[in-house]
Protein chains: 2
Amino acid sequence: MAGHHTITETERQVEQKLGGLPIDFTATAAVNNIFRGATAVRNHLERTVLRASGLSWTAFVVMWVVWVWEPIETRVIASEGGFSKATLTGVLTTLEARNFVTREKSATDGRLVLVRLTDSGRELMEHLFPKFNAMEVEIVSGLTEDETRTLATLLRKVTQQLEDYEA
Amino acid sequence: MAGHHTITETERQVEQKLGGLPIDFTATAAVNNIFRGATAVRNHLERTVLRASGLSWTAFVVMWVVWVWEPIETRVIASEGGFSKATLTGVLTTLEARNFVTREKSATDGRLVLVRLTDSGRELMEHLFPKFNAMEVEIVSGLTEDETRTLATLLRKVTQQLEDYEA
DNA sequence: CCAAGATTGTTAGGGTACGAACAATTTCCT
DNA sequence: AGGAAATTGTTCGTACCCTAACAATCTTGG
């Protein structure tokens with residue numbers, strides 16, 4: 001939310017709309033910037049790195065989690081990736097159709113489904129992840145090493161707060 | 001991406017998969033945490049504050065931008081909100097059907113569409129935004145005021161870097 | 001044992017979300 | 001002035017993304 005209008009302009013407008021109700025703009029700014037940042041980073045990575053391989057952001061996240069931890073249960077993928085199991089079902093179907101992953105019922109628990117990469121999928125990730133990481137480096141190149149670490153730490157605190165809140 | 005497995009575990013796995021290729025995990029950690037944070041914050045706000053009013057996250061962002069700046073051109077809404085104009089068309093159609101906003105052609109430039117809130121839309125925002133902001137405060141309550149400001153600043157730097165890169 | 005409860009992945013349905021192509025409109029260039 | 005180029009919002013097609021409901025499977029208490 002920091003496009004055409006400055007922060008100060010926006011705050012003045014909001015204050016006027018609410019006629020004196022106390023608003024914490026520091027909190028608003030932080031939350032807004034988490035989103036603008038996430039959207040900008042995602043779109044950039046999709047356009048520069050992922051597009052060529054035909055993977056969406058979510059599909060890449062799924063591939064990455066499976067690549068690192070295979071064989072892995074679908075519930076864990078969803079949890080690690082931060083999306084619902086219903087979303088995962090669709091993405092896995094897409095990835096399976098492209099022959100990047102396989103689904104297989106667990107032998108010990110009939111409710112579970114185990115996911116693995118195919119050789120083709122593994123090859124893709126070995127080729128793609130270094131490129132992806134290079135772009136991640138580019139993305140934080142405006143920050144010092146310390147700032148990058150601080151950013152990660154602060155975000156982790158926010159996420160932790162919310163996960164505690166849920167439980 | 002910090003659900004069941006620890007960061008260190010994950011890094012060890014990735015290093016092994018790539019067999020010695022140098023990976024910058026600081027950059028990866030920052031980018032990952034932007035997403036985990038954004039997803040967690042969004043889901044939380046949708047469930048606790050937005051659900052009752054029937055607004056999705058994006059719909060709320062659109063309502064907020066229009067509320068603050070009406071009358072406003074659709075291209076500005078998309079830019080401020082950080083999504084594509086195609087997405088905006090759909091969301092505006094939904095909001096218009098619910099009688100929260102109106103569309104109107106610009107008198108001075110026939111290509112532009114101006115958006116305003118209806119009385120019903122304004123009433124909704126006057127009621128909703130204070131609740132929303134209260135939850136934003138809750139979300140950053142694990143951070144000090146300084147940390148919250150730092151978080152916003154660092155994220156703004158990242159976003160700026162990407163927007164410059166595009167241009 | 002075995003029924004009641006919990007857990008898992010899928011399905012169904014509605015709402016985003018994107019890029020590309022498009023028609024309408026405005027601006028630019030000579 | 002007037003065609004070429006640029007800009008804007010919509011449409012189209014595809015892919016997410018969520019909740020709620022569901023069927024299959026496992027766990028648990030008596």
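Below, read A as the first sequence line, B as the second, and so on, with proteins coming before strands; counting in each chain starts at 1.
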- Item | Separation of atom NE2 in B:His44 from atom C1' in D:dC18, rounded to whole Å | 17 Å

- Query: Of A:Phe83 and A:Ser106, whose closest DNA chain D nucleotide lies nearer the 5' terminus?
  - Reply: A:Phe83

- Per nearest nucleotide of DNA chain D, the residue lying toward the 5' end, A:Lys105 or B:Gly90, is B:Gly90

- Item | Least distance between heavy atoms, A:Glu96 atom then A:Val101 atom | CG-O, 3.6 Å

- Quick one: closest heavy-atom pair of A:Val62 and A:Leu92, and the distance? CG1-CD2, 4.0 Å

- Message: Within the 4.5 Å heavy-atom criterion, are B:Thr28 and A:Phe132 side-chain neighbours or not?
- Response: no

- Message: On a heavy-atom basis, which atom in B:Glu147 and which in B:Gly142 lie closest, and how many Å separate them?
- Response: OE1-O, 4.3 Å

- Message: Please report the distance, rounded to the nearest Å, between CD1 in A:Ile72 and C1' in C:dT8.
- Response: 15 Å

- Decide yes or no for B:His127 and B:Glu123: does some side-chain heavy atom of the first lie under 4.5 Å from some side-chain heavy atom of the second? no

- Item | Sugar-phosphate, base or nothing in reach of B:Thr74, heavy atoms under 4.0 Å | sugar-phosphate

- Nearest whole angstrom, please: distance from the C1' of D:dC18 to the CZ of B:Arg51. 8 Å

- First locate atom CH2 of B:Trp67, then atom CG of B:Leu124, and finally report the distance between them rounded to the nearest 0.5 Å. 10.0 Å

- Task: Could you check which of C:dT8, D:dT19, D:dC12 has an atom nearest any side-chain atom of B:Ala86?
- Result: D:dC12

- Message: In whole Å, I'd like the distance from the CZ atom of A:Arg75 to the P atom of D:dC26.
- Response: 12 Å

- Message: Measure CD/B:Glu73 against C1'/D:dT8 and give the value in whole Å, please.
- Response: 10 Å

- Nucleotide D:dC18, atom P - distance to CZ of B:Phe60 in whole Å: 19 Å

Please tabulate, one pair per line, each protein N/O and nucleotide N/O from nucleotides 21-23 of chain C that are separated by under 3.5 Å, including the distance.
none

- Mark yes or no for whether B:Thr150, through its side chain, and B:Asp146, through its backbone, hold a donor-acceptor pair below 3.5 Å. yes

- Message: In terms of relative ring orientation, are A:Phe60 and A:Phe129 parallel, tilted or perpendicular, with 30° and 60° separating the classes?
- Response: parallel

- If only side-chain N and O atoms of A:Arg103 are considered, is one of them under 4.0 Å from the OP1 or OP2 phosphate oxygen of C:dG9? no

- With respect to the phosphate group of C:dT16, does any side-chain polar atom (N or O) of B:Thr94 fall under 4.0 Å of OP1 or OP2? yes

- Rounded to the nearest Å, what distance is computed from the CZ atom of residue B:Arg47 to the C1' atom of nucleotide D:dT19? 10 Å

- Side-chain contact check for A:Arg98: nearest option of C:dT11, D:dA15, C:dC18 is D:dA15

- Residue pair B:Arg36 / A:Gly82: nearest heavy atoms and the distance that separates them: NH1-N, 4.2 Å

- Phosphate OP1/OP2 of D:dC16: any A:Ser56 side-chain N/O under 4.0 Å: yes

- Here the residues of residues 109-117 of chain A within 4.0 Å heavy-atom distance, strictly under, of DNA chain D are A:Asp109, A:Gly110, A:Arg111

- Atom pair distance, as rounded to whole Å: CG in B:Leu50 and C1' in C:dG14: 17 Å

- Task: For the pair A:Arg122 and A:Glu126, find out whether any cationic side-chain nitrogen is under 4.0 Å from an anionic carboxylate oxygen.
- Result: no

